[in-house]
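In what follows, residues are counted from 1 in the order of the sequence shown.
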Amino acid sequence: STSKSRFSNGYSTYFTVGKQEVIFESAVVASHPIPAGLFKSVCPAMDPTNNPTARLGGLKSKDKVENEVEGYEKYHTSFGGSVESRKAFYADMVNKYYDLATSFYEFGWGESFHFAHMLHGEKLREAIKRHEHYLALKLEIGAGSKVLDVGCGVGGPLREIAEFSGATITGLNNNEYQVTRGRELCKKSGHGLKCDFVKADFMKIPAADGIYDAAYQIEATCHAPDYVGVYKEILRVLKPGGLFAGYEWCMTDKYDPNNARHAKCKAEIELGNGLPDLNTCVGAMAMLQEAGFEIIEHEDLVLTAEVPWYEPLSPARLSFTSFRTTFIGRLITRNMVWALELIGLAPKGSVRVSSFLERAADSLVDGGKDKIFTPMYFYKVRKPLAKEKGKK
């Protein structure tokens with residue numbers, strides 16, 4: 001067998017295979033040509049199988065959608081809500097959010113609901129894969145590793161990382177619809193033996209102490225009502241010496257809570273993304289340490305990206321390979337959803353869901369341009385090794 005070693009230099013990761021060095025970015029991602037029927041699939045009114053309002057998450061009844069939208073909106077500052085209410089009822093708030101938003105996410109973004117460190121000339125889906133592979137390399141996982149994906153969505157990263165690393169991965173998610181959808185996608189893709197899902201709250205992980213070799217989260221623990229609490233739970237289920245890595249959503253040191261524009265931007269991001277209260281970069285590192293982790297490395301990957309992370313959401317962008325995330329694509333989707341709701345093919349409240357997701361997209365772009373927000377504050381931390389008896 002051929003021996004492989006891995007090492008990283010900033011965000012550029014390399015494989016050394018025997019005596020041959022291969023640059024990771026150009027080696028492991030495939031190009032994605034424009035698929036046949038793209039322009040038909042851009043507009044679900046022309047292709048009903050892609051209609052983002054057809055499922056609206058786990059909501060079985062069309063009549064429930066508008067009530068769920070109202071129930072979700074009440075938690076947020078823009079609608080008179082408070083941080084305290086979002087933290088107290090975070091499970092209900094986050095479940096309402098993903099019941100309403102998942103179908104729109106999958107329609108516009110694919111199966112991996114996260115941003116990515118982007119290079120010049122790189123397509124969004126290539127960057128997303130590289131972003132996931134980078135995390136797997138940092139975790140040092142491989143065949144035989146037992147890994148926990150905390151807040152796994154519908155399992156896009158889970159399937160990609162399992163395929164890339166050979167690890168067995170359990171996805172943890174408290175949203176019933178996303179778990180069901182994730183299992184469907186795993187069965188369809190043939191990942192059933194390497195991937196499984198557990199429906200549970202990441203504040204109360206239903207697992208014994210010390211059973212996972214590694215864990216990761218991708219833009220997920222920002223949904224927690226208590227960062228120290230969720231980090232402690234992850235620490236508990238890791239083996240001594242186990243690694244935990246993640247991409248955290250954070251307000252940067254340029255954020256000023258007394259600046260009205262900054263505060264509004266933060267509130268709109270929280271509304272459009274089901275978040276109780278965004279942490280800061282400094283706060284995240286302090287809370288990981290408070291939870292008991294040893295910090296190995298951390299950095300804001302936004303600072304080394306060649307292409308702004310928010311470019312896929314920018315109104316100025318025009319892309320045929322990621323058309324649905326562009327201004328024109330969003331405009332078509334918005335009007336399509338409005339028309340479908342008007343004629344009764346989409347449930348009442350669909351336009352409101354589309355609207356708060358668009359507001360969130362605009363605020364994310366504003367936060368990125370003002371450099372007050374990052375969706376990829378990377379960290380790699382370790383659970384301390386068990387102390388030997390008799391030693392302090």
Side-chain angles (χ1 to χ4, degrees), residues 8 10-11 77 82-84 86-88 90 94 114-115 117 134-135 138-139 148-151 172 201-205 209-210 212 214-259 262-263 265-267 269-270 273-304 309 364 367-368 370-387 392:
S8 173
Y11 197 87
T77 305
S82 66
V83 170
E84 289 73 22
R86 294 200 294 277
K87 287 184 175 181
Y90 75 96
V94 174
H114 63 80
F115 294 101
H117 180 283
Y134 180 75
L135 204 60
K138 286 295 186 179
L139 286 171
L148 181 66
D149 180 334
V150 180
L172 182 70
D201 185 348
F202 56 24
M203 301 300 295
K204 302 171 185 176
I205 301 174
D209 296 355
Y212 289 104
Y216 67 87
Q217 68 83 19
I218 301 178
E219 305 179 15
T221 50
C222 51
H223 292 291
D226 174 7
Y227 288 98
V228 175
V230 70
Y231 294 152
K232 280 184 175 180
E233 269 294 272
I234 295 165
L235 180 87
R236 180 182 66 79
V237 300
L238 282 173
K239 295 176 182 178
L243 296 174
F244 171 45
Y247 299 126
E248 194 69 81
W249 278 30
C250 293
M251 305 309 293
T252 71
D253 57 5
K254 296 185 183 298
Y255 170 71
D256 177 4
N258 297 315
N259 181 310
H262 289 189
C265 180
K266 177 176 180 286
I269 291 173
E270 289 165 346
N273 294 280
L275 309 178
D277 187 23
L278 277 165
N279 206 347
T280 63
C281 300
V282 172
M285 292 305 99
M287 291 175 189
L288 281 162
Q289 288 181 304
E290 185 179 343
F293 281 107
E294 297 172 347
I295 307 295
I296 298 174
E297 59 180 301
H298 63 99
E299 65 173 317
D300 186 358
L301 294 181
V302 165
L303 302 179
T304 60
W309 62 266
L364 286 166
D370 290 346
K371 300 182 179 179
I372 63 171
F373 169 78
T374 175
M376 56 187 77
Y377 197 83
F378 167 77
Y379 56 80
K380 175 181 175 179
V381 297
R382 179 189 289 117
K383 180 175 180 174
L385 292 167
K387 293 180 179 178
K392 294 183 178 180

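In this structure, T374 and W309 have side chains that are not in contact, with every pair of non-hydrogen atoms separated by 4.5 Å or more. Residues H114 and Y247 fail the side-chain proximity criterion, which asks for heavy atoms closer than 4.5 Å. Using a 4.5 Å cut-off on side-chain heavy atoms (C-beta onward), H117 and T304 make contact. Proximity of C250 to V282: side-chain heavy atoms (C-beta onward) are nowhere separated by under 4.5 Å. For the pair V302/T252, no side-chain contact is recorded, criterion being any heavy-atom separation below 4.5 Å from C-beta on.
Here the options are V381, I296, L238, the test is side-chain contact (heavy atoms from CB on, under 4.5 Å), and the partner is L243; only I296 passes. F373 pairs in a ring-ring contact (aromatic ring centres under 6.0 Å, His included) with only one of the listed residues (W249, F115, Y255), which is W249.
Looking at Q217, its side chain does come within 3.5 Å of a backbone N or O of E219 through a donor-acceptor pair. In this structure, T221 contributes its side chain and A224 its backbone to no donor-acceptor pair below 3.5 Å.
With rounding to the nearest 0.5 angstrom, the CD atom of E248 is 5.5 Å from the OH atom of Y227. The NZ atom of K266 lies 13.5 Å from the CG atom of N259; values are rounded to the nearest 0.5 Å. A distance of 10.0 Å separates CD in Q289 from CD in E294, rounded to the nearest 0.5 Å. To the nearest 0.5 Å, atom CD1 of residue I372 and atom SG of residue C265 are 4.0 Å apart. Considering CG of L303 and NZ of K371, their distance stands at 8.5 Å, rounded to 0.5 Å. Here the straight-line distance linking atom OH of Y379 with atom CD of E299 works out to 14.0 Å at 0.5 Å rounding.
Aromatic pair Y134/F378: ring centres closer than 6.0 Å. Checked against the 6.0 Å centroid threshold, Y231 and F293 do not count as a close aromatic pair.
The two residues L275 and L278 come nearest to each other via the heavy atoms CD1-CD2, 3.7 Å. Pairing each heavy atom of K239 with each of G210, the nearest pair is CG-O, 3.2 Å. In this structure, L235 and P384 approach most closely via the heavy-atom pair CD1-CD, 4.2 Å. Residues R236 and E233 approach most closely at NE-OE2, 2.8 Å, considering heavy atoms. Closest approach of A245 to L135, counting heavy atoms only: CB-CD1, 3.8 Å. Between H262 and K254, the shortest heavy-atom distance links the atoms CE1-O, 3.4 Å.
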Practice problem: Output, in order, the C-alpha distance, side-chain angles, deciding distance and verdict of side-chain contact (heavy atoms from CB on, under 4.5 Å) for I269 and L364. | Solution: CA-CA 6 Å; I269 291 173; L364 286 166; 4.0 Å; yes
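Residues satisfying the side chain to side chain donor-acceptor pair (under 3.5 Å) test with Y216, not counting sequence neighbours, are D149.
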